[in-house]
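The analysis underlying the following values was restricted to heavy atoms, covering all of them including side chains, and did not include hydrogens, waters or symmetry mates. Protein chains get the first letters and strands the later ones, always in sequence-line order, with residue 1 at the start of each.
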Amino acid sequence: MSLTDHELAIRSIQYRRDMLRWIVHAGAGHTGGGLSCMDILNVLYNRILRVSPETFTSPDRDRYIQSKGHCVEALYVVLADRGFFSSEKLQTMCGYDSAFVGHPTRAVPGIEHNTGALGHGLSVGVGAAIAGKKDQRDFRVYVLMGDGELAEGSNWEAAMSASHYKLDNLIAIVDHNTLQITGRTRDVCSNEPLDEKFKAFGWDVHTVNGHDFGQLTAALIPSTHTGKPRVVIANTIKGQGVSFMQDVAKWHHGVPSEAEYAIALRDLADAEAQLGQSKGAVQ
Amino acid sequence: MSAPAGSMYSPEAAAMASKLGLKMGRANLEVFAATLLEIARADRNVLAVTSDSRGSGKLGPFAQALPDQIVELGIAEQNLVGVAAGLASAGKLVYAVSPACFLTARALEQVKNDVAYSDHPVQLIGISAGVSYGALGSTHHSLHDYAALRAINNLEVVAPADNMEARAIIRECATRRVPTYIRFGKAPLYDLHAADTSVEIGKSISLTTGTDICFIASGETVTHALLAGAAMAENGITARVLSMHTIKPLDIPAILAAGRECRAVITVEEHSVHGGLGEACAAALMQAGISVPFQIAAIPDEHTVTGSQADIFRHYGISMEGLAARANSLLKRAT
Ligand SMILES: [Mg+2]
């Protein structure tokens with residue numbers, strides 16, 4: 001089960017390649033945010049979450065709720081890789097009568113909650129975490145949020161209730177790529193200083209490089225019984241891994257042309273080649 | 001037995017109720033709270049979730065008796081519904097209790113996405129519904145809830161007319177896993193049904209049989225329709241009175257039978273004239289090709305008059321006198 005950071009890095013490249021493939025195939029998708037949260041999903045599903053296709057209905061499973069539902073394509077490729085369904089099913093993504101909607105739904109194996117409207121996931125996570133406490137189960141609840149999403153006031157209602165109920169079984173992750181559809185989040189409606197806000201709401205705050213597998217891993221497993229919900233502010237780059245998409249707002253839901261897709265694949269192949277060399281250097 | 005203070009019923013209406021042998025029961029809200037406590041005592045998976053609303057929800061005794069089974073979230077209705085969905089997703093049987101006005105407007109997106117679309121079977125309890133808050137004004141009225149919630153897939157909508165209906169429906173909701181909205185008022189209500197009456201979500205209850213006028217009523221307006229029918233009976237007019245406690249799914253066969261068998265139909269509801277029981281019944285009749293003199297007795301699309309719930313009902317003709325007058329004039333136009 002335990003993959004090395006190097007193996008995770010190779011997997012992230014494959015995930016990014018798969019995600020782009022299906023977005024190009026469907027002609028739709030949230031490309032930039034999917035690329036920014038891919039390493040987070042990789043660490044969650046390959047290192048952190050105690051859930052599998054076999055245990056998905058177990059009351060003891062860890063829960064993952066993707067509040068930033070628009071980045072569903074990233075989740076689809078990771079769930080397919082983890083065996084929740086065959087990746088070929090993504091041929092139908094966003095197509096007529098497909099179960100693979102452009103936002104997460106429970107019709108897809110492995111998905112806990114239907115999201116897409118922003119500012120919903122954290123409240124649902126709070127509810128599941130309270131249930132876990134009441135039933136004395138040791139599952140954890142992970143909620144992934146975007147930074148633009150944090151302008152939704154319901155998040156802060158949920159944040160207040162999470163610390164009120166001392167939910168140290170709840171871990172929120174902010175995909176802090178500093179961009180949203182219009183541009184820089186700080187220009188649209190600034191949420192800074194984000195760490196201070198969560199601290200003021202009673203949370204245990206950890207800021208990490210959201211593309212560093214080691215830092216993510218360390219932050220995503222909370223120390224037990226802190227009596228505080230944890231937030232991991234993952235500093236990421238929107239469009240990570242594809243040169244011309246990196247840190248560019250217009251790729252929020254941009255679909256690459258054939259030529260752009262070719263460049264993107266080359267970028268990923270280059271990164272893979274470099275990884276191969278660095279692996280060689282280590283050995 | 002006597003009409004409550006600030007009466008909802010004129011002396012004549014109260015006399016008619018007494019002539020029919022109706023006994024004054026409790027407010028549905030109180031019956032809800034007592035029933036929920038019984039259910040929750042027997043099953044620790046049952047939770048009441050509140051938004052600083054335990055007092056108005058009559059859940060003080062519940063909180064005292066079962067402190068581990070009440071989840072308080074403060075004045076935050078969006079979070080209330082989202083948390084309720086999360087609790088339900090983890091196997092809890094959740095009753096989310098909040099004033100109907102806030103529960104179904106401020107938290108509408110959570111109701112739509114986190115409960116109905118995600119199919120996490122929360123029981124949404126709208127307290128002090130309709131114009132129960134009276135003179136507190138339109139911020140506190142819920143005259144939009146049937147319309148808003150009827151349009152949401154995978155959500156049932158129920159408004160019990162009396163204590164028996166309230167008790168039975170709360171019990172039924174505990175045995176099925178279906179997202180449901182149930183609204184209650186806070187005024188004491190007459191008991192309308194015989195002890196052996198069967199109450200089932202989705203099936204209307206026929207209180208009287210008749211073929212001249214049919215009143216199809218929901219929630220706390222049913223008593224007024226029953227009294228109007230009784231008043232008309234004294235002039236030889238027969239009234240069929242249906243308690244259409246379930247707004248969705250509608251009891252279509254009962255509505256079509258009324259349209260076919262009665263000379264005229266009037267729907268009655270504590271809701272806007274738009275999008276509620278009346279328009280639902282009209283659509284059912286039209287689509288079945290049934291043409292019958294038809295009116296919707298509800299709150300018109302205007303700035304609602306100020307006053308108590310009783311004042312507002314009387315002002316808009318949701319009373320024995322108002323409904324009987326309306327029915328008589330409609331029947332004059334019927335063949
Ligand atoms: Mg962002």
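No side-chain heavy atom of A:Lys134 sits less than 4.5 Å from a side-chain heavy atom of B:Asn45. At least one side-chain heavy atom of A:Ile130 sits less than 4.5 Å from a side-chain heavy atom of B:Val83.
Looking at every heavy atom in both residues, B:Glu109 comes nearest to A:Leu118 through OE1-O, 4.3 Å.
Atom NZ of B:Lys203 sits in a sparse spot, with 12 or fewer heavy atoms from other residues, nucleotides or ligands closer than 6.0 Å. Around the CZ atom of B:Arg106, the shell of radius 6.0 Å holds no more than 12 heavy atoms that belong to other residues, nucleotides or ligands. Atom CZ of B:Arg44 has 12 or fewer heavy atoms from other residues, nucleotides or ligands within 6.0 Å. Dense packing is recorded around NZ of A:Lys197, with more than 12 heavy atoms of other residues, nucleotides or ligands lying under 6.0 Å away. More than 12 heavy atoms of other residues, nucleotides or ligands lie within 6.0 Å of CD in B:Glu38, so this atom counts as buried by the packing criterion.
With respect to chain A, the highest number of heavy-atom pairs below 4.5 Å among B:Ala85, B:Ala90, B:Gly86, B:Gly91 belongs to B:Gly86. Comparing B:Val71, B:Leu73, B:Leu87 by how many heavy-atom pairs each has under 4.5 Å with chain A, the most go to B:Leu87. Of the residues considered (A:Gly127, A:Pro59, A:Pro104, A:Gly119), A:Gly127 shows the highest number of contacts with chain B, using heavy-atom pairs under 4.5 Å. If you tally non-hydrogen atom pairs under 4.5 Å between each of A:Ser123, A:Gly121, A:Ala117 and chain B, the highest count goes to A:Ser123. Chain A forms more heavy-atom pairs under 4.5 Å with one residue of B:Lys112, B:Gln78, B:Gln69 than with any other, namely B:Gln78.
The CD atom of B:Glu77 lies 12.5 Å from the OG atom of A:Ser154; values are rounded to the nearest 0.5 Å. To the nearest 0.5 Å, the span separating OG1 on A:Thr105 from CG on B:Asn113 amounts to 12.0 Å.
Contact of B:Leu47 with chain A is made through the side chain alone, with heavy-atom distances under 4.5 Å. Only the side chain of A:Arg63 comes within less than 4.5 Å of a heavy atom in chain B; its backbone stays farther off. Contact annotation for B:Val94: neither backbone nor side-chain heavy atoms come within less than 4.5 Å of a heavy atom of chain A.
Within residues 159-167 of chain A, the residues having any heavy atom under 4.5 Å from a heavy atom of chain B are, by residue number, A:Ser161, A:Tyr165. Residues of residues 116-147 of chain B having a heavy atom under 4.5 Å from any heavy atom of chain A, listed by number: B:Tyr117, B:Ser118, B:Asp119, B:His120.
Judged by distance alone, with hydrogens and angles left aside, the side-chain atoms of B:Lys92 form no donor-acceptor pair with the main-chain N or O of A:Ala131 at under 3.5 Å.
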